*Asks:* 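My structure is below; once you've seen it, I'll send some questions.
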Amino acid sequence: MQFISASDESLRTQGRITATADGGQLWVYPYTQARFRFTGRTLAVRLRNHWNYGDIRLGVIIDNTQYSVRIPSPAEPDMPANCAEDPETGMLTLTIADHLPTIEHEAVVFKRQDGGMHYLEFAGVLVDGDARVSAPAQAPSERRIEIYGDSVSCGERNEAVLYTGKADPDVDLSGYSNSWYSYGAIAARKLGADLRIIAQGGAPLLDGIGWFNAPDYIGMESIWNRAAYNPAISEPIMWDFHDYDPHVVVIALGQNDSHPDDFMARDYTGETAVHWRARYADFIHALRAQYPDAHIVCTTTVLEHDANWDRAIDEVVAECNDPQVTHFAYSRAGTGTPGHPRITEDEEMARELCAYLESFGAELWER
């Protein structure tokens, strides 16, 4: 088989990506991906998986058919039949398709899950020795969206469709997380836009509360400007915002800040709630400084939460008095489901978000 490096121009990538020392790419955030065309019967991916927890699955789309392939964890004694490991480098060769028809194929390889679960070093792909690899036929989009959020923005547990409108069962559903069906990804594809999801399950806005990295909780204020942020996997890597200028930035935070104390519901005018609103305004201003031409949309999701969080966001946006910063509320914001949104609820949010963005007209995407 022939190896096509991640840096090859025929592989069109999308996401907040940094280079690794050996010429590969570090994929941290969900929906990070590579698109390409190839001929032949076989496709494999070469990668190094930095596992923290959960059932890790690589997202794959070949000829518009989507499926997932398990990436074994270091705790497993034996490699599955479709996976081989180089013991010296820890690099895995994962066969994701074989016995394909000998025609040209379109493929997308993407990260389904968040950086809390794992990081992925993507080295490249392998195809048959006589195969050709080329760039996608469709030109790159000139529309760009970036989302800062939590598990809902990641598409966490959204494939557990039998639990639509229900609380999550008390079992590991990590393998059911799929960023491709997150509301943002669905909306971006409907709008024909490129998308970066800067999101982490359990992340609040502020450090010290929420669910991520217990008991030393980390919030989006320590994630948003990093290419890598999970202390369980590596030292942080700062991001310099050099290669991406989004037209739209969505801030979808406020769900996890209520843990362990729902201070916004308990005492809206109290010191802690006032402090949170001030820090939310600071976060808006930090993003505006990085992206002065972007339209910033502040929102929550349909996952159940107290209405005071939406009230707080609306108040902060009003005080910003900036036409490029707006508040958008879903029709079922905070009331749609007690558990993580499933695919149909992600589709519901995507439809409403698309309608909201389209209401600004074509000039939203003009620069």
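Note that the structure is predicted; figures quoted are calculated from it, not measured.
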*Asks:* Treating Ile, Leu, Val, Met, Phe, Trp and Tyr as nodes and any side-chain heavy-atom pair under 4.5 angstrom as an edge, say whether Val249 and Val317 lie in one connected cluster.
*Replies:* yes
*Asks:* With a 4.0 Å cut-off on N to O distance, would you call Arg70 and Glu76 a salt bridge?
*Replies:* yes
*Asks:* Apply salt bridge (Lys or Arg N to Asp or Glu O under 4.0 Å) to the pair Arg342 and Asp168, showing each step before the final yes or no.
*Replies:* CA-CA 10 Å; Arg342 315 306 171 188; Asp168 297 345; 2.4 Å; yes
*Asks:* Flag the pair His118 / Trp51 as yes when their ring centroid distance falls below 6.0 Å, and as no otherwise.
*Replies:* no
*Asks:* Is any side-chain heavy atom of Val127 less than 4.5 Å from a side-chain heavy atom of Phe3?
*Replies:* no
*Asks:* Do Asp207 and Ser222 meet the criterion of a side-chain donor-acceptor pair at a distance under 3.5 Å?
*Replies:*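 Asp207 vs Ser222: donor-acceptor pair found between side chains.
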*Asks:* Ring centres under 6.0 Å, that's the criterion: do Phe241 and Trp224 meet it?
*Replies:* yes
*Asks:* Counting N and O atoms only, with roles assigned by atom type, does the side chain of Gln324 sit under 3.5 Å from a partner on the main chain of Arg288, one being a donor and the other an acceptor?
*Replies:*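 Checking the backbone N and O of Arg288 against the side chain of Gln324, no donor-acceptor pair under 3.5 Å is found.
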*Asks:* Does Cys298 reach the side chain of Tyr280, with side-chain heavy atoms less than 4.5 Å apart?
*Replies:* yes
*Asks:* Looking at Ile61, Thr32, Val60, which one forms a side chain to side chain contact (heavy atoms under 4.5 Å, CB included) with Phe110?
*Replies:* Ile61
*Asks:* List the steps, then state whether ring pair (Phe, Tyr, Trp, His ring centres under 6.0 Å) holds for Trp309 with Tyr268.
*Replies:* CA-CA 9 Å; Trp309 290 97; Tyr268 186 83; 9.2 Å; no
*Asks:* Report yes or no: is the cationic atom of Arg144 (NZ for Lys, CZ for Arg) closer than 6.0 Å to the six-membered ring centre of Tyr291, at no more than 45° off its axis?
*Replies:* no
*Asks:* Rounded to the nearest 0.5 Å, what's the gap from CD on Gln2 to CZ on Arg132? Could you check?
*Replies:* 10.5 Å
*Asks:* If we only count heavy atoms from C-beta on, is the Met117 to His50 side-chain gap below 4.5 Å?
*Replies:*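 No, their side chains stay 4.5 Å or more apart.
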*Asks:* Compute both the distance and the angle, then confirm whether Arg196 meets the cation-pi test with Tyr244: under 6.0 Å from the six-membered ring centre, within 45 degrees of the axis.
*Replies:*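 Judged by the rule, Arg196 and Tyr244 form a cation-pi pair.
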*Asks:* Answer yes if the ring centres of Trp180 and Tyr31 are under 6.0 angstrom apart, and no otherwise.
*Replies:* yes
*Asks:* Sub-3.5 Å donor-acceptor pair from the side chain of Asp194 to the main-chain atoms of Arg143, do we have one?
*Replies:* no
*Asks:* Could you check Glu106 against Arg37 for salt bridge (Lys or Arg N to Asp or Glu O under 4.0 Å), going step by step and ending with a plain yes or no?
*Replies:* CA-CA 5 Å; Glu106 292 185 324; Arg37 291 179 291 169; 5.6 Å; no
*Asks:* Does Arg16 pair with Asp243 as a salt bridge, N-O distance under 4.0 Å?
*Replies:* no
*Asks:* Output, in order, the C-alpha distance, side-chain angles, deciding distance and verdict of salt bridge (Lys or Arg N to Asp or Glu O under 4.0 Å) for Lys190 and Glu358.
*Replies:* CA-CA 11 Å; Lys190 287 180 180 293; Glu358 287 171 338; over 6 Å; no
*Asks:* Any side-chain heavy atom of Pro246 within less than 4.5 Å of one from Ile145?
*Replies:* no
*Asks:* Between Glu348 and Arg332, is a salt bridge (Lys or Arg N to Asp or Glu O under 4.0 Å) present by the stated rule, with each step listed?
*Replies:* CA-CA 10 Å; Glu348 172 190 337; Arg332 296 201 298 159; 2.7 Å; yes
*Asks:* Would you give the length of the straight line joining atom CG of Asp55 to atom CD1 of Ile71, rounded to the nearest 0.5 angstrom?
*Replies:* 10.0 Å
*Asks:* Can you tell whether the side chains of Asp98 and Arg41 come within less than 4.0 Å, N to carboxylate O?
*Replies:*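 A salt bridge is absent here (no side-chain N lies under 4.0 Å from a carboxylate O).
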*Asks:* If we ignore hydrogens and angles and just use 3.5 Å, is the side chain of Gln25 paired with the main-chain N or O of Ser7 as donor and acceptor?
*Replies:*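 No: the side chain of Gln25 does not pair with the backbone of Ser7.
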*Asks:* Hydrophobic clusters here meaning ILVMFWY residues chained together by side-chain heavy-atom distances under 4.5 Å, can you tell me if Met91 and Val45 are in one?
*Replies:*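 Hydrophobic grouping puts Met91 apart from Val45.
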*Asks:* Could you check if a side-chain atom of Val69 sits within less than 4.5 angstrom of a side-chain atom of Arg57, using non-hydrogen atoms only?
*Replies:*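 Contact flag for Val69/Arg57 side chains = no.
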*Asks:* Hey, are Glu85 and Arg48 close enough for a salt bridge, meaning a charged N less than 4.0 Å from a carboxylate O?
*Replies:*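 The answer is no: the pair does not qualify as a salt bridge.
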*Asks:* Quick check: are there more than 12 heavy atoms from other residues, nucleotides or ligands sitting under 6.0 Å from CG of Asn321?
*Replies:*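 At most 12 heavy atoms, drawn from other residues, nucleotides or ligands, come within 6.0 Å of this atom.
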*Asks:* Quick one: CG on Asn82 to CD1 on Ile96, what's the gap to the nearest 0.5 Å?
*Replies:*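 Going from CG on Asn82 over to CD1 on Ile96, the span is 10.0 Å.
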*Asks:* Centres of the Tyr181 and Tyr183 rings: under 6.0 Å?
*Replies:*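 No, the ring centres sit 6.0 Å or more apart.
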*Asks:* Might you point out which heavy atoms bring Ser234 and Tyr119 nearest each other, and give the distance in Å?
*Replies:*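 Smallest interatomic distance, heavy atoms only, reads OG-CE1, 3.4 Å.
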*Asks:* Quiz question: by atom type and distance under 3.5 Å, do the side chains of Thr299 and Tyr356 form a donor-acceptor pair?
*Replies:* no
*Asks:* Just wondering, do Pro204 and Leu253 contact through their side chains at under 4.5 Å, heavy atoms?
*Replies:*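 A side-chain contact is absent here, since even the closest heavy-atom pair is not under 4.5 Å.
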